[in-house]
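Below, chains carry the letters A, B, ... as their sequence lines are ordered, and counting in each starts from 1. The structure displayed is predicted, hence computed values, not measured ones.
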Protein chains: 2
Amino acid sequence: MSPLFKYYRTMATYELEHPEIADVTLTDVLFALSDPARLEIVREVAAGPLDMAACGATNPDLPKSTKSHLMKVLREAGIVRNVPNGRGRLVSLRKDELDARFPGLLDSVLGA
Amino acid sequence: MSPLFKYYRTMATYELEHPEIADVTLTDVLFALSDPARLEIVREVAAGPLDMAACGATNPDLPKSTKSHLMKVLREAGIVRNVPNGRGRLVSLRKDELDARFPGLLDSVLGA
DNA sequence: GTGAAGGTTCCAATCTTTTCGAACCAACCG
DNA sequence: CGGTTGGTTCGAAAAGATTGGAACCTTCAC
């Protein structure tokens with residue numbers, strides 16, 4: 001086992017875990033969307049997949065650990081997908097899946 | 001001034017404050033709905049106005065101070081209206097107002 | 001190589017929510 | 001009047017969320 005093992009799961013290039021859409025709960029989704037900073041990220045990503053480095057344009061000097069945490073909450077709630085992409089990560093909205101699971105929810109939140 | 005003054009604003013028969021619908025924020029609404037116990041109350045009330053004593057049927061032995069607090073969060077978020085009614089209080093969903101302010105939101109949450 | 005950019009985890013401090021007993025009052029019933 | 005029911009506030013304890021620095025790793029550019 002490599003001496004780097006400890007970091008295998010933390011490297012930006014490795015896969016992070018995403019919940020199955022069937023396991024996503026309504027209350028977790030609502031909670032994740034109930035924070036202004038997280039909701040803002042969702043709005044940005046709703047326009048199309050975005051490099052993580054690029055999103056958060058409205059919050060330019062958000063510390064990276066904070067941004068990483070906000071993203072984790074969105075990912076664990078099942079709202080975004082976050083995949084390795086070169087040196088960084090690409091974030092996308094799980095729109096089709098969410099629309100199937102909670103019809104109309106995302107549109108009404110984003111439309112508000 | 002009456003010695004009872006201290007309690008004028010807390011008596012079950014007096015009016016509680018409700019936010020104007022225009023002042024209700026999306027994130028406060030989402031947050032209030034993100035708790036399972038609160039969401040359950042909203043589902044019960046969605047069928048029609050309910051005596052506070054009657055709602056919470058699913059949580060029969062919830063302490064009253066806890067129930068009062070859950071209700072307060074819902075009221076302050078602008079989701080329910082809570083008016084004096086005889087010895088108790090009547091709770092109702094602010095459905096029309098919420099539908100106008102956040103079209104489709106309530107239906108998608110309740111439909112989920 | 002070396003260096004910078006991008007991103008994660010760990011940890012600790014702080015702040016916010018949650019929970020529930022206690023004290024209290026009004027309304028109703030006998 | 002005296003007891004019960006319904007419901008609020010206050011206060012304190014416990015649990016959870018947020019924030020940001022530090023340490024660390026990779027990939028890319030030079």
Rounded distance in Å - CZ (R87(B)) to P (dG3(D)):
16 Å
Axis-to-axis angle between the two ends of the helix from dG1(C)-dC30(D) to dG30(C)-dC1(D) (five base pairs per end, rounded to 10 degrees):
20°
State, yes or no, whether a side-chain contact exists between P84(A) and E15(A) at a heavy-atom distance under 4.5 Å.
yes
Is there a continuous path of hydrophobic side-chain contacts, each under 4.5 Å between heavy atoms, that joins L110(A) to L33(B)?
yes
May I ask you to test the R94(A)-I21(A) pair for a side-chain heavy-atom distance under 4.5 Å?
yes
Take atom CG of L62(A) and atom P of dT19(D), then tell me their distance rounded to the nearest Å.
8 Å
Which whole-number value in Å describes the distance from L33(A) CG to dA17(D) P?
15 Å
Within this structure, what is the CG-to-C1' distance between L50(A) and dG6(C), rounded to whole angstrom?
14 Å
Using atom CD of E15(A) as one end and atom P of dG7(C) as the other, report the distance to the nearest whole Å.
15 Å
With heavy-atom distances below 4.5 Å as the criterion, would you say the side chains of L30(A) and L26(A) are in contact?
yes
Would you say L105(A) ends up clustered with V24(A) if hydrophobic residues are merged whenever their side chains have heavy atoms under 4.5 Å apart, either directly or through other cluster members?
yes
What is the distance from CG of L30(B) to C1' of dA17(D), rounded to the nearest Å?
17 Å
Whole Å only: how far is the CG atom of L90(B) from the P atom of dT8(D)?
12 Å
Test side-chain contact (heavy atoms from CB on, under 4.5 Å), reference L90(A), set N82(A), L50(A), N85(A), V45(A), output is N85(A)
d(CG, D35(A); P, dT16(C)) in whole Å
13 Å
Test side-chain contact (heavy atoms from CB on, under 4.5 Å) on V91(B) and V83(B) and set out the steps.
CA-CA 7 Å; V91(B) 180; V83(B) 299; over 6 Å; no
For the pair D107(B) and K95(B), find out whether any cationic side-chain nitrogen is under 4.0 Å from an anionic carboxylate oxygen.
yes
Is the shortest side-chain N/O distance from R38(B) to OP1 or OP2 of dT18(C) below 4.0 Å?
yes
Side-chain N,O (R89(A)) to OP1/OP2 (dT8(C)) below 4.0 Å
yes
In residues 64-76 of chain A, which ones come under 4.0 Å of DNA chain C, going by heavy atoms?
K64(A), S65(A), S68(A)
Heavy-atom nearest pair, A112(B) first then F102(A), reads CB-CD2, 3.6 Å
